[in-house]
Amino acid sequence: MTLTEPSRPATVSVEDDWWKSAVVYQIYPRSFADSNGDGIGDLRGITGKLDYLAHLGVDAVWLSPIYPSPHDDNGYDISDYTGIDPAFGTLEDFDELLAGLHARGMRLVMDLVVNHTSDEHPWFVESRSSLDNPKRDWYWWRRTPNDWESWFSGPAWELDETTGEYYLHLFSRKQPDLNWENPEVREAVYAMMRWWLDRGVDGFRMDVINLISKDPALPDGGTEHYVNGPRMHEYLQEMHREVLAGRDRHILTVGEMPGVTIDEARLFTDPARRELDMVFQFEHVGLDHGTGKFDPRPLRLRDLKESLGRWQAGLAGTGWNSLYWNNHDQPRIVSRFGDDGAYRERSAMMLATVLHLHRGTPYVYQGEELGMTNAPLLTIDDFRDIESLNYHAASVAGGALTADVVATMRAMSRDNARTPMQWDAGPGAGFTTAVPWLPVNPNHDVVNAVSQVDDPASVLSYYRRLIELRHSEPIIVHGDFTMLLPDDDRVYAFTRRLGSDALLVLGNFTAEEVTVTLPDVTVGEVLISTTDSPTFGVLRPWEAVVYRLS
Ligand code: TEU
Ligand code: CA
């Protein structure tokens, strides 16, 4: 199979790393398209939508896990790293999907989940079988657990009856943590990565990769002993040497890193260090958390600008940012930082404009390009996600009432992101002909792809134009970034500069008309805007506009 180079304008030099001018589209396979009527999205479903993705203009697709899994955490608990879960299809289906993407000039990024496996992975089945099994040391076993807590509620340790010892699981008890101190574990992971690259994939999104190095003493305390642990850089450099170096094409690598600091991110993404191309940081999606994620508070715009502005500045010289509002773990951005009522479309476009005009690689999560919203999540039966279900169980055990817990989880539950993709207004939203594994959002009668694809005023058409703009304007990829109006709580404003070229980006984060005063600025052509004829100095509700400065 040969990779067709995505066609790109001559203005973007071919020596540049392709992922800098790319837009990546994330697919959560379970919720994207069901081809065989079992209510679960699958690979053939995705293959059937490739022309939609090509029309949108994205350069690469990141697939959330499709490997065999007991689906305790929807595939982030893998029991076989080199297979396809029968619910999603076969390796032949996979090859067909990959070929279909490449034929349309798009690349494929796989999800790499190697902080932990499923407890049903043969490695763990062996490891738990006896104290002297050769794979015993592939996981973290202790006679006495420490005080670490699972990210999915409760202790991070589970007693295994067979040997009377506890194993570490930072996520669910069906996700035991691999022991990266053991070189055999690392070699097995690298061999598996090479296997996928040899099959033709173009990159990896690395799940919670900054949790793989733990202080081997496992002291009490928690995150400070396993987030960005002592051997992180060593492991990533080793991975680069063993897997990525010497390939005839550049592989995109993005490390998901909750809790990563800017200084660490600069090291991880410094090309000279040969670690990663970019990281997913979490600061901006934590700004509306209170004591925890299920205690949300309103976003203050100046906090968002302070945070994203600091990341832009911090990775300006060395390193590279990833840009995202949404993924399969986050609530829908239009419901979160926008207005999913009267101004749903306008605010979806404004949020897209602001994000995509930053310096970095933008990620679009399925349905974001339609302005999909949070789900109603009315009763506990509407939830499927283990994080929500465990949180509910723990809260009820502590005396809370289900109705109160549901109200608490509604805005932030990961299920908001996971309702089926809204293809059309039909009963299964065009996602399935069966009962979907998670109910479709009732607003699919209004919010769906079919109604948007030929409408030039739709959110979908706007995303298309925005993506096209990145491909034709080198300043969006390479320009410097300067934040303006840092203390303004209504307007997001910044400039980009490349040589003598300059852009001004303005976004109104409110439902009111706002007057903007920017002295010493002369605007020229409008590159893109959410309203037909923008007036400089006045922003209508949720309006965004990008000007070329003259
Ligand atoms: O997520 C890890 C992570 O840091 C969070 O976003 C996580 O979703 C947590 O619940 C926040 O409250 C990754 C995957 O993206 C997620 O889907 C998996 O459940 C998790 O790792 C474990 O593999
Ligand atoms: Ca299916």
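We count ligands from 1, going down the list as the structure has it; atoms in each ligand are counted the same way. The first residue in the sequence is number 1, and the count goes up from there. Values below: every heavy atom of this structure, side chains too, minus hydrogens, waters and symmetry copies.
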**Request:** Could you name all protein N, O or S atoms found under 3.0 Å from the Ca ion (ligand 2)?
**Result:** Asp34 OD1, Asn36 OD1, Asp38 OD1, Ile40 O, Asp42 OD2
**Request:** For ligand 1, find out whether one of its N or O atoms is nearer than 3.5 Å to an N or O atom of Gln330.
**Result:** no
**Message:** I want to know if ligand 1 touches Trp151 in the polar sense, i.e. an N/O pair below 3.5 angstrom.
**Reply:** no
**Fill in**
A student checking ligand 1 against Glu387 at a 4.0 Å heavy-atom cut-off should list atoms 9 (C), 10 (O), 11 (C), 12 (O)
**Message:** Any heavy-atom pair between the side chains of Leu178 and Trp123 that's under 4.5 Å?
**Reply:** yes
**Message:** At less than 4.0 angstrom from any non-hydrogen atom of His328, what atoms of ligand 1 do you find?
**Reply:** 14 (C), 15 (O), 16 (C), 17 (O)
**Asked** So do the side chains of Ser307 and Leu287 get within less than 4.5 Å of each other, counting heavy atoms only?
**Response** yes
**Item:** Sub-4.0 Å atoms of ligand 1 with respect to non-hydrogen atoms of His116
**Value:** 22 (C), 23 (O)
**Message:** If only side-chain N and O atoms count, and only distance matters, is there a donor-acceptor pair under 3.5 Å linking Asp119 with Gln175?
**Reply:** no
**Item:** Contacting atoms of ligand 1, where contact means under 4.0 angstrom from a heavy atom of Pro258
**Value:** 4 (O)
**Request:** Check each atom of ligand 1 against the heavy atoms of Val208 and keep those under 4.0 Å away; list them by number with element.
**Result:** 2 (C), 21 (O)
**Prompt:** What closest approach, in Å, do Asn228 and Val260 show between heavy atoms, and which atom pair accounts for it?
**Reply:** ND2-CA, 3.8 Å
**Request:** Note the single closest protein heavy atom to atom 19 (O) of ligand 1, along with its residue, its atom name and the distance in Å.
**Result:** Asp73 OD2, 2.5 Å
**Request:** For atom 6 (O) of ligand 1, find the nearest protein heavy atom and state the residue, atom name and distance (0.1 Å precision).
**Result:** Asp329 OD2, 3.3 Å
**Asked** Looking only at side chains, do Asp72 and Ser172 share a donor and an acceptor under 3.5 Å apart?
**Response** yes
**Asked** What is the nearest protein non-hydrogen atom to atom 1 (O) of ligand 1, stated with its residue, atom name and distance?
**Response** Glu256 OE2, 3.1 Å
**Request:** May I ask you to check whether Ser69 and Asp85 show a side-chain donor-acceptor distance below 3.5 Å?
**Result:** no
**Message:** If we set the cut-off at 4.0 Å for heavy atoms, which region of Arg205 has an atom near ligand 1: side chain, backbone, both, or neither?
**Reply:** side chain
**Message:** Parallel, tilted or perpendicular: which one describes the rings of His225 and Trp148, with boundaries at 30° and 60°?
**Reply:** parallel
**Prompt:** Which residue, Tyr28, Tyr25, Phe280, forms the ring-ring contact (aromatic ring centres under 6.0 Å, His included) with Trp62?
**Reply:** Phe280
**Prompt:** What's the spacing between His116 NE2 and Leu170 CG if we round to 0.5 Å?
**Reply:** 9.0 Å
**Message:** Ignoring hydrogens and geometry beyond distance, is a side-chain donor-acceptor pair present between Ser127 and Trp141 at under 3.5 Å?
**Reply:** yes
**Request:** Specify the protein heavy atom at minimum distance from atom 14 (C) of ligand 1: its residue, its atom name, and the distance to 0.1 Å.
**Result:** Asp207 OD1, 3.0 Å
**Message:** Just to verify, which of Arg300, Lys293, Arg336 counts as forming a salt bridge (Lys or Arg N to Asp or Glu O under 4.0 Å) with Asp288?
**Reply:** Arg336
**Request:** Look at the rings of Tyr365 and His328 and say which category their plane angle falls in: under 30° parallel, 30 to 60° tilted, over 60° perpendicular.
**Result:** tilted
**Fill in**
ligand 1 atoms nearer than 4.0 angstrom to some heavy atom of Phe152 are 10 (O), 19 (O)
**Fill in**
Residue, atom and distance of the protein heavy atom nearest atom 7 (C) of ligand 1 read Arg414 NH1, 3.7 Å
**Prompt:** Looking at Phe383 and Asp415, what are the two nearest heavy atoms and their distance?
**Reply:** CA-OD2, 3.3 Å
